[in-house]
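Below you'll find the structure, written out as structure tokens, and then a few comments.
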Amino acid sequence: MSDQNDDAVPVTPRRMPKAPIEEIGGRKLKPSTLMMGHGYDPVLSEGSLKPPIFLTSTFAFEDAAAGKRHFEGITGKRPGGADGLVYSRFNGPNQEILEDRLSIWDEAEDALVFSSGMSAIATVLLTNVNQGDVVVHSGPLYAATETLINKILGRFGVTFLDFPAGASPDEVSALLEQAKTQAAENGGKVAIIYLESPANPTNALVDIEGVTNARNTVFGEDGAPPIAIDNTFLGPLWQQPLKHGADIVIYSLTKYVGGHSDLVAGGVLGSKAHMDPIRAIRNTIGTICDPNTAWMLMRSLETLELRMTRAGENAEKVCAFLRDHPKVEGLGYLGFISDASQQDIYDRHCSGAGSTFSVFIKGGEAQAFAFLDALKIAKLAVSLGGTETLASLPAAMTHLSVPDDRRAALGITDNLVRISIGVEDPDDLIADFEQALKTV
Ligand SMILES: *Cc1c(COP(=O)(O)O)cnc(C)c1O
């Protein structure tokens with residue numbers, strides 16, 4: 001924008017970005033503080049306190065040499081991605097600021113944002129998997145992830161082996177040996193170890209450290225397949241898998257990070273070495289999130305800790321009420337684990353029990369339906385991690401497509417109601433569950 005007084009005032013570097021503030025007096029600032037400004041300098045955008053939404057498909061180069069330099073980064077001729085903005089399928093200011101902020105929570109070196117959790121997962125798999133390869137994964141996985149691995153990758157000659165979420169490191173080692181043999185027979189390699197913990201909707205935890213040790217024992221440190229984990233249910237506040245040996249952390253940002261049930265997005269975090277090839281595939285296929293969604297996610301990150309903390313406290317109170325209720329058969333809540341090895345994993349990996357859990361209503365589908373239909377505050381909807389409390393019946397909804405025998409093996413019964421607790425008043429929520437249980 002032109003400035004009438006340009007001639008009168010000495011030239012000041014008004015477009016020189018400020019170095020990000022990450023510590024004060026030797027004190028490392030916490031994520032909740034950094035979410036208000038990290039990675040953005042108002043001076044660069046006319047003093048606008050909040051980043052503008054950059055609605056553009058392409059960016060003007062300073063000169064031709066800069067254009068060449070930027071494309072060297074985009075095409076991978078130089079590692080580390082572009083050092084400038086080029087074209088909105090590759091990067092944009094809103095997405096880059098968001099990526100800087102997102103990586104803070106998991107203390108990741110680098111982050112990438114995507115148009116959905118599934119486009120993030122698909123891009124990670126496309127990056128790592130070739131014909132003849134074997135994918136080893138924990139089970140159960142998010143239903144669309146299972147479809148992607150089992151059915152879609154299967155069309156391209158990729159096979160898979162899976163182990164139950166609670167498996168011991170020895171069981172995982174044995175499966176990895178089997179996968180190695182299978183890959184050799186198919187002329188491929190074990191491409192990736194893909195985890196989801198806690199599993200949906202059973203809340204079974206995977207021993208990330210145990211899987212890492214098994215992987216290192218079976219493959220050695222070099223040439224080992226990366227460990228990727230879908231951390232949507234507990235991340236980024238209550239579980240940080242990079243600290244337990246995982247290489248790639250994946251989020252559906254639609255859930256807790258977005259947190260208001262008003263957007264769809266995904267994120268992938270890890271070392272630059274793991275992110276660079278994933279970024280290159282994202283550049284090619286265009287699975288990046290749009291600037292408006294990136295802006296919404298930055299707003300959401302400012303209250304992430306507040307929202308998740310309150311939802312976690314609410315869930316604890318609601319579960320304490322449900323636990324002893326005569327019409328409740330049991331709870332799948334990480335705050336009340338009954339299995340010793342699951343408790344051990346929880347103690348090593350998790351700093352909170354989350355706010356998404358299962359409640360088994362005494363009876364079957366009819367009783368569960370009666371309960372769901374009687375709820376007045378909790379909304380009947382799939383998804384989780386929003387400000388509002390949601391309830392659903394996986395066997396009849398999200399997991400309807402899962403074959404009956406697999407559903408039974410996973411413990412997804414007709415009376416399992418899944419609940420995601422929001423940030424409402426906890427006593428109001430308890431009153432709602434109490435009156436709904438009366439109708440059962
Ligand atoms: C919702 C969800 C996904 C998929 O994310 P989208 O944003 O809906 O594409 C993947 N994994 C888990 C655990 C989820 O809850």
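Side chains are part of it too, since the values below use all heavy atoms of this structure and drop only hydrogens, waters and symmetry mates. What you are looking at is a predicted structure, and each value in this text was computed from that prediction instead of being measured. Each ligand, and each atom within it, is numbered from 1 in the order the structure gives.
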When you compare the side chain of [Y] with that of [X], does any pair of heavy atoms fall below 4.5 Å?
| X | Y | answer |
| --- | --- | --- |
| F433 | T389 | yes |
| K327 | F371 | no |
| R101 | Y40 | yes |

Revision key, fill the gap. Minimal heavy-atom distance between T202 and L410, with the atoms involved, is CG2-O, 3.0 Å

Point to revise | Stepwise side-chain contact (heavy atoms from CB on, under 4.5 Å) check, L148 with I121 | key: CA-CA 9 Å; L148 180 58; I121 293 166; 4.0 Å; yes

**Study point:** Any A265 heavy atom less than 4.0 Å to ligand 1
**Key:** yes

Exercise for review: Would you check whether N200 reaches within less than 4.0 Å of ligand 1, judged by its heavy atoms?
Suggested key: no

Contact (N/O only, under 3.5 Å) between [X] and ligand 1:
| X | result |
| --- | --- |
| D230 | yes |
| F233 | no |
| T145 | no |

Exercise for review: Could you tell me whether K243 and E209 make a salt bridge, using a distance below 4.0 angstrom between a side-chain N and a carboxylate O?
Suggested key: no

**Study point:** Sidechain N-carboxylate O distance under 4.0 Å for E305, R310
**Key:** no

Review point. What is the nearest protein non-hydrogen atom to atom 6 (P) of ligand 1, stated with its residue, atom name and distance?
Key: G117 N, 3.4 Å

Review point. How close does the nearest protein non-hydrogen atom get to atom 7 (O) of ligand 1, and which residue and atom is it?
Key: T254 OG1, 2.6 Å

Check your understanding: Out of Y142, F114, Y256, who gets a non-hydrogen atom closest to atom 3 (C) of ligand 1?
Key -> Y142

Revision key, fill the gap. Honestly, for A144 the part within reach of ligand 1 (heavy atoms, under 4.0 Å) is neither

Exercise for review: Would you please indicate yes or no on a ring centroid separation below 6.0 angstrom for W238 and Y346?
Suggested key: no

Practice item. Please could you name the atoms of ligand 1 that M118 approaches to less than 4.0 Å, counting only its heavy atoms? Key: 5 (O), 6 (P), 9 (O)

Review point. Short list, please: which atoms of ligand 1 are under 4.0 Å from a heavy atom of E196?
Key: 13 (C)

